[in-house]
A.B. asks: 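Just dropping this structure here.
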Amino acid sequence: MPKYDHKKIENKWQRFWKKHPELFAADDKGKGEKKYILDMFPYPSGDGLHMGHVESYTATDIISRYWRMRGKNVLHPQGWDAFGLPAENYAVKTKIHPAETTKKSIETFKAQMNMLGLSYDWSREINSSDPEYYKWTQWFFLLFYKNGLAYKSKGKVNWCESCQTVLANEQAEGGVCERCGKEVAQKDLEQWYFKITDFIEDSGETSGLLYGLDKIDWPESTKAGQRNWIGKSEGAQFKMKIITAPAFGHPSSSEEGTGEVLDKLLEVFTTRLDTIFGMTFALIAPEHKLVQELKSKITNWSEVEKYIAETKKKSELQRMAEVKDKTGVELKGIKVLNPFTKKSISLFASDFVLAYYGTGAVMAVPAHDERDFAFAKKFGLPIDEVIKSADGQSSVVKEAYTEDGVLINSGEYDGLTSGEARKKMTQWLAKEKIGRGTINYKMRDWLVSRQRYWGAPIPIIYCDKCGEVPVPEKDLPVLLPTDVDFMPTGESPLAKSKKFHDVKCPKCGGVARRESDTMDTFVCSSWYYFRYADAKNDKEFISKAMFKKWLPVDLYVGGAEHVVLHLLYSRFFTKVLHKLGYIGFDEPFAKLRHQGIILAEDGRKMSKSLGNVIAPDSVVEQYGADALRMFEMFMGPLEDVKPWNTKGIIGISRFLERIWKLNKGVIASGAKQSRGGAAKNEIATSPTAPRKDKIETLLHKTIKKVSEDIENLKFNTAISAMMILVNESGGGANLTKEQYEIFLKLLSPFAPYIVEELWSQLGHKKSIFTEKWPEYNAALVKDETIQMPVQINGKVRAVLTAPSDISEEEAKKIAISDTTIIKWLGGQEPKKVIFVKGRLVNIVV
RNA sequence: GCCGCGGUGUUGGAAUUGGCAGACAAGAUGGACUCAAAAUCCAUUGGUGGCGACACCGUGAGAGUUCAAAUCUCUCCCGCGGCACCA
């Protein structure tokens, strides 16, 4: 038997598997139960795979191999999220066309995946930058367009100066570009949007983005992230009269009638209508159009104008840095009337009020809102307390009391709880016809157009006569021209290609021009999981039959960085298809898990700049792909963040070496047995016979444990169970050939290379992956005897050997008559004896 | 600030979901083999006390529920991740 040479073995079986794709292919005509096991398709970067890829891809590979051996029809594909800014930015840097760099990166990625022994069905490989693929991305755009779900609109958008394009809100979180990390500016531009906000709430048969979360098996943190992003808040919206105010007089002392009532109204949104008697001023966003409309009535206009100009200059980041220090300016000459108290109050423009949320204006209740409190303190405005906590404590002097409570100083509403008051006050608003209960969301529609080159062109044509005309479906794909100067200028690169830009109108044949923006790459990745099921279909993006056969995805594994972006958009696409009657389900991913980040040995994130990156290739070179696969699975739970530990992989290496030697041990002991004629009495009288029984029992327990652990993605404990078995195998001498073969099958999803090799060395002609997964013998898994602890007051005082099905009566009897227990009891009468079937006895004295 | 997750030996982590805490590994120490080293094998390895059998303590801190708590409840502390002036 030669030494374990991982390089040689891995080379050999890579070639073998490549020649036998049928081993891992999903069968469109297969009758067995389907399992769709999916990895998030990677963006092929020039850096190659990192440890995190290895972790999640190994996990899904193990599960896929397991289900195949259990006779399931497994769909386990892979593809490339190839469009996008990183590839384009890299191209800009190197002046090499993104199509070229992407192609090269894909080759690297694919080679690395094959190196790791990942059992993908490559016949379904997709590439989002391939016209065959983005033809359907464009088809989706048209589908949305025709159903009123894609529209063009002018408004404030996030603009990344560094990437020279607009970004979706989801890509500009915290005022920073999701791609390059640079600050994002606000610009007024006309852009394309998808109507994702139409799908927040359930509608008809289709569950919404919000409550659909309740029925899927996803990590709580991810669901919370999406709910948070949607940001639903229930409250009330109402209009307040605006009056001109005399130049003199205290803000809250003038009554209605002292000024002229203007024809403009100030509408505000609040979730705390119960605090309205404490409203001592109101706030409006500086960009609010009402500010301009009131210009003639504002006596300090130059001051106001200056403030507006200042805030315009400030970036979102600067605004956020000022959270503590509120700025603002009073709109002098006008007042607002509180509809409940009829008192007039001052109106301020302040940049902490967001123009795009709610109505762009708010009522300020400094006694019960931290921000209003800070503002009131700074500007010396009155703080009127109107809510008391249930225990009567009040602390409004130092800080705002923001909890619900009981109303005071609120006229007829005094004594009501906050909840009751909100209901009654909302009813009053409706009766007075000045307001109503409303719901607001943080999430806005998805901005999908980009002024960049490396993406799917938006299939719209602008005709001087007909206006906006969708490209007819038969003309798809709208090809991305390859001869374009893709250096970013802020204008879409496609506009510079005359050949692309100038077209005939599909309606009237007149002069027209193409939309020159491309689509956000997240559009491409919002539907890719459908395409695998029917990757070669050139008539439809997927046939109905294949939809039915393969979807939804049973298990989806990928990084947690996609909590709001990709995962939310994909759900949106699925819901659109459901609503339009294409599919019978409305959630694409039944079960989702995120792999935890693998940190560097120093506990920090692996990064090129820190120089602490460990590349999978170097580990495979030294220890082999099997060792890397197993070690990453052994390090800890899939979802945990774990530091890499080069020393730790030794343990797995030793384990694999030991398994390699098992072969020899088993063959040797097998030979011995057959030479001895395997006489019955020999086995019975052999001193190894009880050990053989023990190992058979252990083997069946291991089958059970490994199977269950794989299904629950608990790979670390599955591996430790197999280690225990190997530790008990006596170097193979305790194992029969049959037992050893069963063990190899258990190991095969984890370490496919070494197992294929050992399997063939046993004389098998066919791949082990054509074998059936072993079933355990339920009778063997059940212990005949247990080690039953006997506790006194919860402390273990003796451990007795007892039959596992011992009766309560019998257990208590042997417990109480045990000599050490008698000693510990010291003659005391037990007050109570507790028996837990199959577990323990606890004596209470 | 809000939301989510977590805190167990020297380290990564186990614990049948309320029933013997520390499985399996790594590291360390001692030993065998070796001229020697590596590899391999064997033994020990939560803390304290004891020659010892053994005893006591021990899962971030404190309380509670229970015959029994790493696990459930409450309060607090710390760490990680996400969101963050969303009215």
Side-chain angles (χ1 to χ4, degrees), chain A residues 173-175 219-229 231-233 235 268-273 275 282-283 316 319-324 326 350-354 356-365 368-372 374-375 402 440-444 560-561 563-564 594 596-597 631 634-637 639-652 654-655 657-658 661 704-705 708 714 716-724 726-727 731 786-799 830-845:
Chain A
E173 282 182 293
E220 208 37 62
S221 56
T222 305
K223 291 186 183 182
Q226 296 213 347
R227 286 192 193 105
N228 202 343
W229 183 256
K232 179 177 184 172
S233 45
V268 296
F269 170 74
T270 181
T271 55
R272 291 300 306 272
L273 190 59
T275 65
L283 294 158
E316 203 142 321
R319 279 198 189 192
M320 271 186 267
E322 287 169 0
V323 168
K324 288 257 152 58
K326 302 271 180 283
S350 176
D351 66 359
F352 87 80
V353 179
L354 306 169
Y356 50 79
Y357 182 77
T359 61
V362 295
M363 66 179 215
V365 184
H368 305 292
D369 181 279
E370 277 172 41
R371 299 152 301 180
D372 299 346
F375 195 90
T402 59
N440 257 297
Y441 303 94
K442 280 205 263 180
M443 187 170 76
R444 277 162 290 149
E561 67 274 16
V563 164
V564 280
H594 303 297
I597 297 170
F631 181 56
F634 187 62
M635 279 165 62
E639 311 207 17
D640 283 14
V641 174
K642 315 163 270 269
W644 178 262
N645 180 355
T646 297
K647 273 192 177 140
I649 199 169
I650 285 286
I652 293 291
R654 287 179 188 149
F655 177 59
E657 285 286 355
R658 227 170 276 161
K661 287 177 194 156
K704 182 169 189 275
K705 175 82 179 148
E708 287 171 356
K714 291 169 76 176
N716 52 335
T717 47
I719 292 171
S720 92
M722 289 189 281
M723 284 174 165
I724 292 170
V726 170
N727 290 347
I786 52 160
Q787 295 298 301
M788 184 179 72
V790 180
Q791 303 177 326
I792 295 176
N793 288 336
K795 279 207 159 79
V796 179
R797 293 306 182 188
V799 179
K831 282 198 196 109
K832 201 163 142 193
V833 180
I834 286 152
F835 170 73
V836 184
K837 198 168 165 35
R839 291 252 192 275
L840 52 63
V841 173
N842 189 14
I843 301 166
V844 188
V845 290

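What's counted below: heavy atoms across the whole structure, side chains too, no hydrogens, waters or symmetry copies. Here is the naming used below: chain letters follow the sequence lines, and residue numbers restart at 1 for every chain.
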A.B. asks: With P as the reference atom in both, quote the distance from B/rG13 to B/rG9 in angstrom, rounded to an integer.
C.D. replies: 12 Å
A.B. asks: Please give, in whole Å, the distance from B/rA15 C1' to A/Glu708 CD?
C.D. replies: 15 Å
A.B. asks: Between the main-chain N or O of A/Ile843 and the side-chain N or O of A/Lys831, is there a donor-acceptor pair closer than 3.5 Å?
C.D. replies: no
A.B. asks: Rounded to whole angstrom, note down the C1' distance from B/rG18 over to B/rC54.
C.D. replies: 29 Å
A.B. asks: My understanding is that only residues two or more places apart in sequence, or in another chain, count here; which of them pass side chain to side chain donor-acceptor pair (under 3.5 Å) with A/Thr646?
C.D. replies: A/Glu601, A/Trp644
A.B. asks: Starting the side chain at C-beta, find the nucleotide from B/rA87, B/rG19, B/rC24 nearest to A/Ser720.
C.D. replies: B/rC24
A.B. asks: Let me know, please, whether A/Met723 or A/Ala224 comes out on the 5' side of the other along RNA chain B by nearest nucleotide.
C.D. replies: A/Ala224
A.B. asks: So, is A/Lys442 close to the B/rC3 phosphate, meaning a side-chain N or O under 4.0 Å from OP1 or OP2?
C.D. replies: no
A.B. asks: Could you check whether A/Lys326 makes a cation-pi contact with A/Phe375, meaning its NZ or CZ is under 6.0 Å from the centre of the six-membered ring and within 45° of the ring axis?
C.D. replies: no
A.B. asks: Do the side chain of A/Asn842 and the base of B/rC67 come within less than 3.5 angstrom through a donor-acceptor pair of N or O atoms?
C.D. replies: yes
A.B. asks: Based on the glycosidic angle (syn within 90° of 0, else anti), state the conformation of B/rU17.
C.D. replies: syn
A.B. asks: Considering every strand shown, what is the Watson-Crick or G-U wobble mate of B/rG18 when both distances are under 3.5 Å?
C.D. replies: none
A.B. asks: Let me spell it out: for each of A/Glu220 and A/Val362, pick the nucleotide of RNA chain B with the closest heavy atom. Which residue's pick is nearer the 5' end?
C.D. replies: A/Glu220
A.B. asks: Is there a side-chain contact between A/Lys647 and A/Ile649, using heavy atoms and a 4.5 Å cut-off?
C.D. replies: no
A.B. asks: Give me the distance, rounded to whole Å, that separates B/rA14 from B/rU8 when you measure between the C1' atoms they each carry.
C.D. replies: 10 Å
A.B. asks: Around A/Glu370, counting heavy atoms of other residues, nucleotides and ligands shown, do more than 12 lie under 6.0 Å from its CD?
C.D. replies: no
A.B. asks: Looking at side-chain heavy atoms only, is the closest gap between A/Thr275 and A/His368 below 4.5 Å?
C.D. replies: yes
A.B. asks: In Watson-Crick or G-U wobble terms, both distances under 3.5 Å, what is the partner of B/rU10?
C.D. replies: B/rA26
A.B. asks: Can a donor-acceptor pair be found, under 3.5 Å and without considering hydrogens, that links the side chain of A/Asp640 to the backbone of A/Gly596?
C.D. replies: no
A.B. asks: Please examine the side chains of A/Val790 and A/Val796, heavy atoms only from C-beta on, and report whether any two atoms are closer than 4.5 Å.
C.D. replies: no
A.B. asks: For B/rG9, measure the glycosidic angle (O4'-C1'-N9-C4 for a purine, O4'-C1'-N1-C2 for a pyrimidine) and name it syn if it falls within 90° of 0, otherwise anti.
C.D. replies: syn
A.B. asks: If pairing requires Watson-Crick or G-U wobble contacts with both distances under 3.5 Å, which nucleotide is the partner of B/rC56?
C.D. replies: B/rG47
A.B. asks: So what does A/Arg797 touch, heavy atoms closer than 4.0 Å: a base, only the sugar-phosphate, or nothing?
C.D. replies: sugar-phosphate
A.B. asks: Touch check for A/Arg654, heavy atoms < 4.0 angstrom, all strands: base, sugar-phosphate only, or nothing?
C.D. replies: sugar-phosphate
A.B. asks: Would you check, one step at a time, whether the test side chain to side chain contact (heavy atoms under 4.5 Å, CB included) holds for A/Ile652 with A/Met723?
C.D. replies: CA-CA 9 Å; A/Ile652 293 291; A/Met723 284 174 165; 3.9 Å; yes
A.B. asks: Mind checking whether A/Asn716 and A/Met635 have side chains closer than 4.5 Å, heavy atoms only?
C.D. replies: no
A.B. asks: Would you indicate, yes or no, if B/rC24 has its OP1 or OP2 atom less than 4.0 angstrom from a side-chain nitrogen or oxygen of A/Arg658?
C.D. replies: no
A.B. asks: Which nucleotide wins on minimum distance to the side chain of A/Ile834, given the candidates B/rC85, B/rC83, B/rC67?
C.D. replies: B/rC67
A.B. asks: In whole Å, I'd like the distance from the CG atom of A/Asn793 to the C1' atom of B/rC56.
C.D. replies: 16 Å
A.B. asks: Quick one: look up who B/rU71 pairs with, Watson-Crick or G-U, both distances under 3.5 Å, and put none if it's unpaired.
C.D. replies: none
A.B. asks: Sticking with atom C1', work out how far B/rG62 lies from B/rC77, rounded to a whole angstrom.
C.D. replies: 10 Å
A.B. asks: Grab the CG-P distance between A/Asp369 and B/rA84 for me, whole Å please.
C.D. replies: 18 Å
A.B. asks: When rounded to the nearest Å, what value does the distance between C1' atoms of B/rC78 and B/rG60 take?
C.D. replies: 7 Å
A.B. asks: So A/Gln791, base contact, sugar-phosphate only, or nothing? Heavy-atom distance under 4.0 Å.
C.D. replies: base
A.B. asks: Under a 3.5 Å cut-off for both distances, is B/rA87 Watson-Crick or wobble paired, and to whom?
C.D. replies: none
A.B. asks: Could you measure between the two P atoms, the one in B/rU73 and the one in B/rC80, and give it in whole Å?
C.D. replies: 25 Å
A.B. asks: Nearest to the side chain of A/Lys795, heavy atoms from C-beta on, is which of B/rA84, B/rC20, B/rC57?
C.D. replies: B/rC57
A.B. asks: With the side chain of A/Trp229 defined as its heavy atoms from C-beta on, choose the nearest nucleotide among B/rC20, B/rA55, B/rA84.
C.D. replies: B/rA84
A.B. asks: With hydrogens left out and only the distance checked, is there a donor-acceptor pair under 3.5 Å joining A/Lys326's side chain and the base of B/rC85?
C.D. replies: yes
A.B. asks: Would you say a side-chain N or O of A/Arg839 is under 4.0 Å from OP1 or OP2 of B/rC20?
C.D. replies: no
A.B. asks: Roughly how many Å apart are B/rU17 and B/rG12, using the P atom of each and rounding to a whole number?
C.D. replies: 27 Å
A.B. asks: For A/Trp644 and B/rA25, give me the distance from atom CH2 to atom P, rounded to whole Å.
C.D. replies: 18 Å
A.B. asks: Using whole Å, what does the distance between atom P of nucleotide B/rC56 and atom CD1 of A/Ile792 come to?
C.D. replies: 11 Å
A.B. asks: At under 4.0 Å between heavy atoms, what does A/Glu657 touch on the DNA or RNA strands: base, sugar-phosphate, or nothing?
C.D. replies: nothing
A.B. asks: Which one is paired to B/rA36, where only Watson-Crick or G-U wobble pairs with both distances under 3.5 angstrom count?
C.D. replies: none
A.B. asks: Is the shortest side-chain N/O distance from A/Lys647 to OP1 or OP2 of B/rG27 below 4.0 Å?
C.D. replies: no
A.B. asks: Nearest whole angstrom, please: distance from the P of B/rG81 to the CG of A/Asn228.
C.D. replies: 17 Å
A.B. asks: Identify the nucleotide, in any strand shown, that forms a Watson-Crick or G-U wobble pair with B/rC2, with both distances under 3.5 Å; if there is none, say none.
C.D. replies: B/rG82
A.B. asks: Using a 4.0 Å heavy-atom cut-off across all strands, classify A/Val796 as base, sugar-phosphate, or nothing.
C.D. replies: sugar-phosphate
A.B. asks: Tell me which nucleotide among B/rC83, B/rA23, B/rC67 gets nearest to the side chain of A/Ile724.
C.D. replies: B/rA23
A.B. asks: Just how far, in rounded Å, is P of B/rA84 from CG of A/Leu354?
C.D. replies: 11 Å
A.B. asks: When the distance from CG of A/Asn440 to P of B/rA87 is rounded to whole Å, what number comes out?
C.D. replies: 8 Å
A.B. asks: Collect all protein-nucleotide pairs involving nucleotides 6-13 of chain B in which both atoms are nitrogen or oxygen and the distance is under 3.5 Å.
C.D. replies:
| from | atom 1 | to | atom 2 | distance (Å) |
| --- | --- | --- | --- | --- |
| B/rG12 | O2' | A/Met635 | O | 2.6 |

A.B. asks: Can you tell me, in whole Å, how much space there is between the P of B/rU40 and that of B/rA26?
C.D. replies: 9 Å
A.B. asks: Could you give the distance from CD (A/Gln787) to CG (A/Leu840), rounded to the nearest 0.5 Å?
C.D. replies: 13.0 Å
